[in-house]
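Have a look at the structure below, then the notes.
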Amino acid sequence: MTSFDEALALLEASAAPLLAEDVPLAGAAGRVLAEPLTARSDGPRVAVAAMDGYAVLDAGTRPGEALKVIGEARAGAAFPGTLGAGEAVRIFTGAPLPAGADRCIMQEYATRKGKNVRFAEGYGPGWHVRAAASDFAAGAVLLEAGTRLTARAMIAAAAADRACIAVARRPRAAIIATGDELAAPGEAHLAADTIPESVGFGVAAMAEQAGAQIVRQAIGGDSLPELEQLAGAALAQADLVIVTGGASVGEHDFAKPMFASHGLHLVFSKVAIKPGKPVWLGRAGGTLVLGLPGNPTSAMVTARLFLLPLLAALQGQTTRDVLRWRRLPLAAPLAENGPRETFVRAEWKEDGLTPISNQDSGAQAALAKADWLIRRSPNAPAAAAGGLVSALVFEPRC
């Protein structure tokens with residue numbers, strides 16, 4: 001079987017970034033930059049006040065001495081003249097510093113009487129001026145290619161003063177859940193032998209959060225002709241087809257055979273991990289196909305470990321952008337590990353990570369409690385509470 005790290009390397013080598021497209025800044029949140037974003041102008045373009053107060057010439061200002069207030073400056077409305085010695089301009093945060101001024105004295109130190117102002121002792125040492133280009137210079141790279149435009153990144157993107165930006169096209173994803181036992185939620189109780197199809201909804205939510213556009217979500221029974229037809233339709237629509245279940249070698253496992261007639265070429269098949277050993281990746285007709293296990297926990301763990309890196313690669317990112325392992329403390333002990341690399345589901349509590357009690361690959365209620373994955377090497381010894389382990393947040397926020 002392929003190791004986890006080997007599978008990731010094969011995955012990254014198999015997924016080329018999709019073409020870029022220009023979008024309005026207002027519609028760019030959550031997208032991934034396709035090229036570096038540079039500033040059109042200096043930020044700020046001129047020196048500005050960092051506080052409300054009075055703009056003065058420092059060399060001509062002494063505590064207790066009166067200065068003549070000759071005007072006002074506010075953000076968006078600069079003082080039009082030039083300030084000289086013995087003069088002050090009332091100024092507000094963000095306003096351009098008047099010509100001739102070099103510092104801003106906070107209003108808390110000012111006593112205004114008519115057109116004169118005096119300043120109390122102790123108004124230094126801060127000058128409360130943001131120099132031109134002190135944040136960034138024109139032409140500076142504010143955000144690198146491959147950056148996902150989070151709320152914080154959108155501030156920098158807007159500061160670049162560009163109405164449209166180049167981002168990676170959203171990957172089109174199709175999801176096919178396989179199995180005669182599956183029924184749409186709300187209908188499973190109507191037949192004795194059916195269960196709600198739940199995996200596709202979790203996978204779809206995770207994929208959409210990672211930037212994908214879900215173009216098809218379907219359920220297919222254990223009929224090879226039916227599944228071949230579903231596969232063909234999905235391949236024609238999507239950049240990535242995700243199929244769940246049917247990954248074993250039983251007589252009714254058609255996840256790989258359903259793509260065989262469409263020219264399936266496997267990148268890897270089965271990975272030495274627990275849960276999720278049946279996960280596989282291939283390509284059919286130029287479209288990537290990711291096979292996830294049918295058990296809900298196994299499917300979501302492997303989606304976190306393989307689907308998110310795959311979507312990242314399609315958007316010009318790397319696996320390291322979405323697989324950020326951290327060293328975190330254990331709040332409860334862990335038993336020694338078996339021969340396969342294992343990803344233990346855990347929840348974060350005040351004193352560290354606590355493995356959830358139900359680690360079954362088919363668990364659904366317990367899955368909702370797990371917000372971290374603990375990575376355990378093959379044959380790792382028991383780990384005591386308080387020790388550090390390698391962990392990955394289960395559901396990252398973009």
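Numbering starts at 1 and runs along the sequence shown.
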- Note on the structure: Residues V344 and P355: closest non-hydrogen pair is CG1-CB, 3.9 Å

- Query: Within the side chain of E197, is there an N or O that forms a donor-acceptor pair under 3.5 Å with the backbone of A184?
  - Reply: no

- With rounding to the nearest 0.5 Å, note down the distance linking CG in L292 to CD1 in I176. 12.0 Å

- Under the 3.5 angstrom rule, does the side chain of R283 hit a backbone N or O of G286 as a donor-acceptor pair? yes

- More than 12 foreign heavy atoms under 6.0 Å from CD of E395: is that the case here? no

- Query: What orientation do W348 and W372 show, parallel under 30°, tilted 30 to 60°, or perpendicular over 60°?
  - Reply: tilted

- Please report the C-alpha distance between K68 and V117 in whole Å, then the side-chain angles of each, then the deciding distance to 0.1 Å, and finally whether the side-chain contact (heavy atoms from CB on, under 4.5 Å) criterion is met. CA-CA 7 Å; K68 182 180 179 181; V117 65; over 6 Å; no

- So L97 and V46, side-chain contact (heavy atoms from CB on, under 4.5 Å) or not? Walk me through it. CA-CA 8 Å; L97 206 66; V46 297; over 6 Å; no

- Going hydrophobic residue to hydrophobic residue with side-chain gaps under 4.5 angstrom, can you get from L330 over to L373? no

- Message: Does atom CD (E108) have a neighbourhood of more than 12 heavy atoms from anything else shown, all under 6.0 Å?
- Response: yes

- How many angstroms lie between atom OG1 of T244 and atom CD1 of I175, to the nearest 0.5 angstrom? 8.5 Å

- Message: Can a donor-acceptor pair be found, under 3.5 Å and without considering hydrogens, that links the side chain of Y109 to the backbone of G122?
- Response: yes

- Item | Polar side chain donor-acceptor pair, Q359 to R345, under 3.5 angstrom | yes

- Do the non-hydrogen side-chain atoms of V56 and L67 ever get within less than 4.5 Å of each other? yes

- Message: Return the OG to CD distance between S3 and E6, rounded to the nearest 0.5 Å.
- Response: 3.0 Å

- Item | Q107 versus R112, side-chain donor and acceptor atoms under 3.5 Å | no

- Salt-bridge present (R31, E21; N to O < 4.0 Å): yes

- Message: For a quick test of reading the model, state the closest non-hydrogen atom pair linking A363 to T297 and the distance between them.
- Response: O-OG1, 2.7 Å

- Message: Working note: L37 + V141, criterion side-chain contact (heavy atoms from CB on, under 4.5 Å); need CA distance, chi angles, decisive distance, verdict.
- Response: CA-CA 6 Å; L37 188 61; V141 175; over 6 Å; no

- Query: If only atom types and distance count, is the side chain of H262 paired as donor or acceptor with the main-chain N or O of E228 below 3.5 Å?
  - Reply: yes

- Task: Flag the pair V393 / R324 as yes when at least one side-chain heavy-atom distance between them is below 4.5 Å, and no otherwise.
- Result: no

- Query: Does the D52 side chain pair with the main chain of T93, one donor and one acceptor, at a distance under 3.5 Å?
  - Reply: yes

- Query: Hey, are Q213 and R170 close enough side-chain-wise for a donor-acceptor pair under 3.5 Å?
  - Reply: no

- Query: When hydrophobic residues are tied together by side-chain contacts of less than 4.5 Å, even through go-betweens, does V89 share a cluster with M106?
  - Reply: no

- Would you call D5-R375 a salt bridge at under 4.0 Å N-O? yes

- Euclidean distance, L224 CG relative to E226 CD, rounded to 0.5 Å: 10.0 Å

- Report yes or no: does D135 contribute a side-chain atom to a donor-acceptor pair with the main-chain N or O of G43 at less than 3.5 Å? no

- Message: So L334 and R376, do their side chains get closer than 4.5 Å, heavy atoms only?
- Response: yes

- Item | Residue L19 excluded, over 12 heavy atoms near CG under 6.0 Å | no

- Consider only side-chain heavy atoms of I, L, V, M, F, W and Y, link residues closer than 4.5 Å, and tell whether I214 and V199 are in one cluster. yes

- Query: About how many Å separate CG of L323 and CG of L392, when rounded to the nearest 0.5 Å?
  - Reply: 6.0 Å

- Message: Are V203 and M300 packed together at the side-chain level, in the sense that at least one heavy-atom pair is separated by less than 4.5 angstrom?
- Response: yes

- Verify same cluster id: L328, V322 (apolar side-chain graph, 4.5 Å): no

- Task: Return yes if some donor-acceptor pair links the side-chain N/O of D360 with the main-chain N/O of G362 below 3.5 Å, else return no.
- Result: yes

- Message: Using side-chain heavy atoms (C-beta onward) and a distance below 4.5 Å, is L281 in contact with L10?
- Response: no

- Message: For the backbone of D161 and the side chain of R40, can you confirm whether one donor and one acceptor N or O come within less than 3.5 Å of each other?
- Response: yes

- Return the minimal non-hydrogen interatomic distance between T354 and A332, and the atom names on each side. CG2-CB, 4.4 Å

- If we ignore angles and hydrogens, is there a donor and acceptor under 3.5 Å between the side chains of Q364 and S198? yes

- Looking at side-chain heavy atoms only, is the closest gap between L230 and R216 below 4.5 Å? yes

- Item | Cluster overlap V243 with L266, hydrophobic side-chain contacts below 4.5 Å | yes

- Item | Non-hydrogen side-chain atoms of I273 and T342 separated by less than 4.5 Å | no

- Message: Donor-acceptor check, side chain of R162 to backbone of T38, threshold 3.5 angstrom: yes or no?
- Response: yes

- Message: When you compare the side chain of W280 with that of T2, does any pair of heavy atoms fall below 4.5 Å?
- Response: no

- Taking every heavy atom of R45 against every heavy atom of A132, the minimum-distance pair comes out as O-CB, 3.8 Å

- Can you see which heavy atom on F79 is nearest to which on P98, and at what distance? CD2-CB, 3.9 Å

- Taking the six-membered ring for Trp, are F306 and F268 parallel (under 30°), tilted (30 to 60°) or perpendicular (over 60°)? tilted

- Message: Would R90 and Y54 count as a cation-pi pair here, with the cationic atom under 6.0 angstrom from the ring centre and within 45° of the axis?
- Response: yes

- Please assess L307 against L290 for the test side-chain contact (heavy atoms from CB on, under 4.5 Å), listing each intermediate value before the final yes or no. CA-CA 8 Å; L307 173 59; L290 178 65; 3.8 Å; yes

- Item | Minimum-distance pair of heavy atoms, taken over all atoms of V23 and A28 | CG2-CB, 4.0 Å

- Report the distance from atom OG of S390 to atom CZ of R326, rounding to the nearest 0.5 Å. 11.0 Å

- Query: Does S298 reach the main-chain N or O of N295 with its side chain, forming a donor-acceptor pair under 3.5 Å?
  - Reply: no

